[in-house]
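First the structure, in the form of structure tokens, and then the observations on it.
Atoms within a ligand are numbered from 1 in the order they appear, just like the ligands themselves.
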Amino acid sequence: MLIAGNWKMYKGPDETREFCARLRARLHGLDGVDVIVCPPFPSLHDAVGMLATTELAVFAQNAHWAKEGPYTGEVSPWMLKEMGVGGALIAHSERRSLFGETDESAALRIEGALDAGLHVIACVGETEHERDAGETETVVHRQVEAISTVVEEENLERLAIAYEPVWAIGTGRTASPEQAEDVHELIKSRLRVPVLYGGSVKPENAEELLSQPNVDGALIGGASLDVESFAAICEAASRS
Ligand code: 13P
């Protein structure tokens with residue numbers, strides 16, 4: 001099981017150090033689950049330092065595809081690797097809807113991050129409009145195809161997909177375990193990688209979602225900002 005906390009644009013360096021100290025103590029000795037935190041860029045250095053002697057990993061929330069170059073405001077995956085960051089989320093739906101991320105640019109970023117030696121959690125998922133129009137399978141299939149074209153066999157072990165239905169993100173509306181299971185099965189029929197579910201996962205619903213055969217973990221937003229609720233989800237995962 002894999003549990004990743006996407007902090008989005010929350011927690012600067014001070015708060016990050018305090019959070020990591022508490023999380024480290026809280027999860028000490030927990031087996032059966034790999035835990036990742038994804039702080040904002042300015043907090044990565046502190047998170048890496050605080051969690052260096054633990055099994056907890058630190059991922060960025062985005063990465064550019066190039067090693068270096070004239071890309072003002074972008075962050076090189078090679079530089080992330082150099083500072084001890086283990087991986088990156090790529091193509092979160094907020095990047096797609098608010099910052100112009102496309103299937104094509106997502107594919108470039110995934111390829112660049114894998115080339116740099118990072119792990120990648122690539123995000124896919126349909127909007128409410130697309131689900132209502134019966135297009136969930138088509139949309140997710142298209143997004144997964146774009147990812148699969150750039151991933152070489154030898155890099156597959158460093159890739160995971162997060163299925164995050166856009167209508168379930170930050171809304172308190174979770175996909176039913178059956179809805180998640182159906183889409184996870186579809187993704188796995190194309191790519192043999194772990195598939196995480198994301199969208200309003202909380203301590204109260206984590207166990208049921210994680211008990212589905214094709215749900216290999218979860219990507220948590222809001223509930224990952226609080227040590228107690230994030231730890232409770234990690235504990236539910238370790239029991240699943
Ligand atoms: P919430 O858990 O707040 O719905 O966010 C999900 C998400 O976007 C994680 O990447």
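Other residues, nucleotides and ligands contribute more than 12 heavy atoms inside 6.0 Å of the CD atom of Glu154. Annotation for Arg22: atom CZ does not count as buried by contact number, only 12 or fewer foreign heavy atoms lying within 6.0 Å. Residue Glu145 qualifies as enclosed at atom CD: its count of foreign heavy atoms under 6.0 Å is above 12.
Residue-level proximity to ligand 1 for Ile169 is carried by backbone and side chain together, each with a heavy atom below 4.0 angstrom. With a 4.0 Å cut-off on non-hydrogen atoms, Ala223 does not touch ligand 1 at all.
Note: Phe230 and Phe19 have tilted aromatic rings, judged against thresholds of 30 and 60 degrees for the angle between ring planes.
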Practice task
Decide yes or no on side chain to side chain contact (heavy atoms under 4.5 Å, CB included) for Ile36 and Cys38, but give the supporting numbers first.
Solution key: CA-CA 7 Å; Ile36 298 166; Cys38 310; 4.0 Å; yes
Exercise for the section: Report the C-alpha separation of Ile220 and Ile3 in whole Å, then their side-chain angles, then the decisive distance to 0.1 Å, and conclude whether the side chain to side chain contact (heavy atoms under 4.5 Å, CB included) test is met. Expected result: CA-CA 8 Å; Ile220 323 290; Ile3 300 294; 4.1 Å; yes
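Considering both main-chain and side-chain atoms, Gly199 never comes within under 3.5 Å of ligand 1 through any nitrogen or oxygen pair. Below 3.5 Å of separation, one finds no N or O of Thr171 facing any N or O of ligand 1. For ligand 1, the polar-atom distance check finds no N/O of Ile220 at less than 3.5 Å from any of the ligand's N/O atoms. Not one N or O of Glu94 is nearer than 3.5 Å to an N or O of ligand 1, by distance alone.
Here is the list of ligand 1 atoms found below 4.0 Å of a heavy atom in Lys8: 5 (O), 7 (C), 8 (O). Within the listing of ligand 1, atoms 9 (C), 10 (O) sit less than 4.0 angstrom from a heavy atom of Asn6. Taking a cut-off of under 4.0 Å to the non-hydrogen atoms of Leu219, the atoms of ligand 1 that pass are 9 (C), 10 (O).
Nearest protein heavy-atom contact of atom 3 (O) of ligand 1 is Gly222 N, 2.8 Å. Scanning all protein heavy atoms for the shortest distance to atom 2 (O) of ligand 1 gives Gly221 N, 2.9 Å. Here the heavy atom of the protein found nearest to atom 7 (C) of ligand 1 is Glu164 OE2, 3.2 Å.
In this structure, Ala168 counts as a contact residue of ligand 1, since one of its heavy atoms falls inside 4.0 Å of the ligand. Taking 4.0 Å as the cut-off, Lys202 does not count as a neighbour of ligand 1 on heavy-atom distance. Residue-ligand proximity: Ser200 is placed with a non-hydrogen atom under 4.0 Å from ligand 1.
Between Arg109 and Glu74 a salt bridge is recorded (basic side-chain N to carboxylate O distance below 4.0 Å).
The distance from the CG atom of Leu108 to the CD atom of Glu101 is 9.0 Å, given to the nearest 0.5 Å.
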